Novice: 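Once you've had a glance at the structure underneath, I'll fire off some questions.
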Amino acid sequence: GIRVLAILAVLLCTFWNASSEEASSEIFEPLSFGPKIFAAATMSVRRPDLRHWNELLCYYFQTGFDHLIIFFDEHGDPAIEKAREFGDERVTIILRGKELEKQWAQGRLWPKLGAFVESEVMARQMLNEEVAVRHLRAMKVSGIPFVVYQPKTQRVMQVGDIAAKWLLHLDADEVLHMSALNAQQHYAALTKDGFVQAVYLNHEVVPEGVLKDGGSVLEMTLFKMNIISFSHLDSVQKARNDWEKEKGPYAIGYWTGKAAVRVDTEYEPLPLEVTRFFLPVGQAKRAIFDDPCVLHYLNPSPQFISDKYSMIDVGENQFDPAAAVPKDGSTDSSKWPKSGKVLRYHGWLAKAARKGKKEVEQLFRRHMLVEKGSAEARRYMGAGLLQRFKKVRKLVKKARKAGCPATIPQDRDVANTTSSAQAGLGPYTQCLQFSKSEEVFCFTKAHCCQAIRASKGALKVPPEPY
C-alpha cells in the first residue's frame, strides 16, 4: 500500500541490493545556466508557532526559494497577517472555504480522501498539495497569475523566462537545510540532469534545554540522525538501541524523508502521502540526498508540546492515551510492541497535555532533553547518533538583524556552481545509479555509498498504488 511504498522508496544502505558493476559515479555533466528556475514551497498549517513563524518564512527566501503557497485551516489564524507582511509577490495565502473545497473535489485524490477531510490532517495536506501542483502548472493560484518579482531587474518574470518549476512540500516545523548551495543552484542542477523529483532525508531536533521566552526553535542545532544514514553500522545501531531503552522511540515523527517535484512535466505529479509524489515509471527519475536534508523541529519545548496536542483530538488521529504506557508502567520502549510504538508515544504526549504543564515538562525532560555538554550528549554524539547543523541558526540571526521581511538578507555562503553540477546538487562523496532503477543516491557519507556498492541482489519495489 501507500505506507509500504513510502518506506521502501528510500531504504538505502542495508536494504538496497544491486551489484557493484551496475553502479556509476559519472552521472552528472557540468552545468550551463539558462532561464531561471522557479522554486516554490507549500505548507498546510493550523495555528503555527508565532515565536518563529516570521523567521521560518524568511529562511525560505534567504535560501533561494521564489514563492510560498500557504494553506490555512482557520480564517482567524494570527499567522495569516504575519505572512501577508511578505507581500503577494512572495507569498500566496489560501484559506479553507468553499472555493478551496471545490478545487479539492475536482482532483484525482478526492475519491480516496474526501471522506477523511474533517478527521485527518494528512488528507487535507495531500489535497492541498494537489491544488498547489495544478496551479503551479498553470502559474496561477485561484485564477490569478503569479506575480514573480525580480528585485535586480525590477520587472515581473514572464512564464517564458522560466526553465523549470519545482515544488517542495514541508510542514511548519521543518526547513530544508543546504550546507553549500541554495535552492536555485540545487534545482538548476537537478533540471540539467533530467531529474523530476528529489528526496531529502529528515533529522529530528534534540532540545538541549528548555526554550526561554522569546527564543526561537530555529536556533536549535542538535539533531538525531536519520536511521537510513547509519542502518548498516553496528556501533551506531547499538547507540540507537540504548536511546530507545533510556528515552523512548528514536524516530518519533517519520524517517522516510520529504520530497520536491518538478511540476511542469508531461504527467501531472500526484501527492503520495505527504512524503512523495507519484509519477509513472519512465518519467520518475529521482535523486535521494542526505545533503540537502530536512531538519524537523518536532516537540522542541514543553510549551510547544502543550500547544500542539491541545489542538489534536485524541480519537481523530487514532491516539489511545489509555494504551500509551504498557500495563507494567515500563518506559523502556524497546519492550513495547513494535506495532503502534510511535502512536503509543504520541498518545502518551496527548494524555500528558491534558493533565497539565507539569506532566508535559516531566516527560520532556525524561524523554526528549539531552543537556548540553552532558555525558549523555557526549556519548551519543561520539557514537554518531547526534549531529550539529548550525547554518539555519546563522541565517535566522542575519534575518533578525536585517529586520526581515522589510529586508531579506541572502545566503552568501554557497558554492560556485558555474563549473560543476556536483556543487549544485550537494557536497556528496559520490552518486550511485543502478541500471534497474530510476533512483540516484547522492550521499556525503562515504561509508553509506560503500555499503550500497558492496551489497548484492536486487530490491523488489511493490507496484505504485495509483
Side-chain angles (χ1 to χ4, degrees), residues 48-49 51-52 171-175 202-213 215-227 230 236 239-255 293-312 314 317 319 321 324-326 329-336 340-389 392-393:
D49 191 339
R51 286 164 288 195
H52 69 268
D171 293 335
D173 59 355
E174 298 171 330
V175 301
N202 59 293
H203 312 299
E204 291 181 1
V205 75
V206 177
E208 298 179 83
V210 177
L211 196 66
K212 297 179 180 178
D213 290 341
S216 170
V217 301
L218 298 181
E219 291 193 47
M220 295 180 175
T221 61
L222 191 63
F223 289 81
K224 288 182 285 186
M225 299 303 293
N226 190 293
I227 61 175
F230 62 72
V236 192
R240 177 197 170 191
N241 292 338
D242 290 343
W243 178 286
E244 295 219 335
K245 289 178 181 179
E246 297 169 7
K247 306 186 77 66
Y250 180 74
I252 303 173
Y254 62 97
W255 52 270
C293 62
V294 172
L295 299 184
H296 190 185
Y297 298 86
L298 178 68
N299 298 333
S301 69
Q303 187 61 53
F304 188 94
I305 294 169
S306 295
D307 292 345
K308 173 182 176 179
Y309 287 95
S310 66
M311 290 191 295
I312 296 176
V314 174
N317 285 280
F319 296 161
V325 183
S330 171
T331 57
D332 178 356
S333 68
S334 65
K335 298 179 181 178
W336 296 7
K341 182 185 291 187
V342 172
L343 282 180
R344 285 174 176 267
Y345 190 84
H346 285 293
W348 198 1
L349 292 176
K351 184 178 181 181
R354 281 155 178 75
K355 284 189 173 182
K357 293 183 179 179
K358 184 177 180 180
E359 181 107 355
V360 170
E361 184 157 343
Q362 287 178 346
L363 286 177
F364 174 81
R365 290 186 177 277
R366 170 71 189 276
H367 300 282
M368 301 168 198
L369 185 68
V370 175
E371 292 283 359
K372 189 172 185 178
S374 65
E376 182 183 43
R378 292 193 298 271
R379 175 161 59 96
Y380 284 128
M381 291 182 73
L385 204 67
L386 307 183
Q387 182 175 318
R388 289 206 181 275
F389 295 84
V392 176
R393 180 178 66 180

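This is a predicted model, so every value here is computed, not measured.
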Novice: Which pair of heavy atoms, one from Ala239 and one from Leu385, lies closest together, and at what distance?
Specialist: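 That would be O-CD2, 3.8 Å.
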Novice: Tell me whether Asp49 contacts the main-chain N or O of Arg51 through its side chain, where contact means a donor paired with an acceptor under 3.5 Å.
Specialist: yes
Novice: Hey, are Glu204 and Lys224 close enough for a salt bridge, meaning a charged N less than 4.0 Å from a carboxylate O?
Specialist: yes
Novice: Short question: side chain of Glu244, backbone of Tyr250 - any donor-acceptor pair under 3.5 Å?
Specialist: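 Checked: pair present.
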Novice: Take Tyr297 and Phe223 through the test ring pair (Phe, Tyr, Trp, His ring centres under 6.0 Å) and record every step on the way to the result.
Specialist: CA-CA 9 Å; Tyr297 298 86; Phe223 289 81; 5.4 Å; yes
Novice: Classify the ring geometry between His203 and Phe389 as parallel (under 30°), tilted (30 to 60°) or perpendicular (over 60°).
Specialist: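 Aromatic pair His203/Phe389 classed parallel.
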Novice: Thinking salt bridges, do Glu208 and Arg388 make one under a 4.0 Å N-O criterion?
Specialist: yes
Novice: With the side chain counted from C-beta on, respond yes when Arg240 and Ile227 share a heavy-atom pair under 4.5 Å apart, and no when they do not.
Specialist: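 In contact.
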Novice: Between Glu246 and Glu376, is any pair of side-chain heavy atoms under 4.5 Å apart?
Specialist: yes
Novice: Could you go through the side-chain hydrogen bond (donor to acceptor under 3.5 Å, both in side chains) check for Tyr380 and Gln387 one step at a time?
Specialist: CA-CA 9 Å; Tyr380 284 128; Gln387 182 175 318; over 6 Å; no
Novice: Checking Glu361 now: which residues fulfil side-chain hydrogen bond (donor to acceptor under 3.5 Å, both in side chains) with it, not counting sequence neighbours?
Specialist: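 For Glu361 the side-chain hydrogen bond (donor to acceptor under 3.5 Å, both in side chains) partners, ignoring immediate neighbours, are Arg365.
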Novice: I need the single residue from Val205, Asn299, Leu298 that forms a side-chain contact (heavy atoms from CB on, under 4.5 Å) with Met368. Which is it?
Specialist: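 So the option named by the test is Asn299.
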Novice: Of all the heavy-atom pairs spanning Asn202 and Asn226, show the shortest one and how long it is.
Specialist: O-ND2, 2.9 Å
Novice: Ignoring hydrogens and geometry, is there a side-chain-to-backbone donor-acceptor pair from Lys355 to Val360 under 3.5 Å?
Specialist: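 Checking the backbone N and O of Val360 against the side chain of Lys355, no donor-acceptor pair under 3.5 Å is found.
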Novice: Who passes side-chain hydrogen bond (donor to acceptor under 3.5 Å, both in side chains) against Arg378, sequence neighbours left out?
Specialist: none
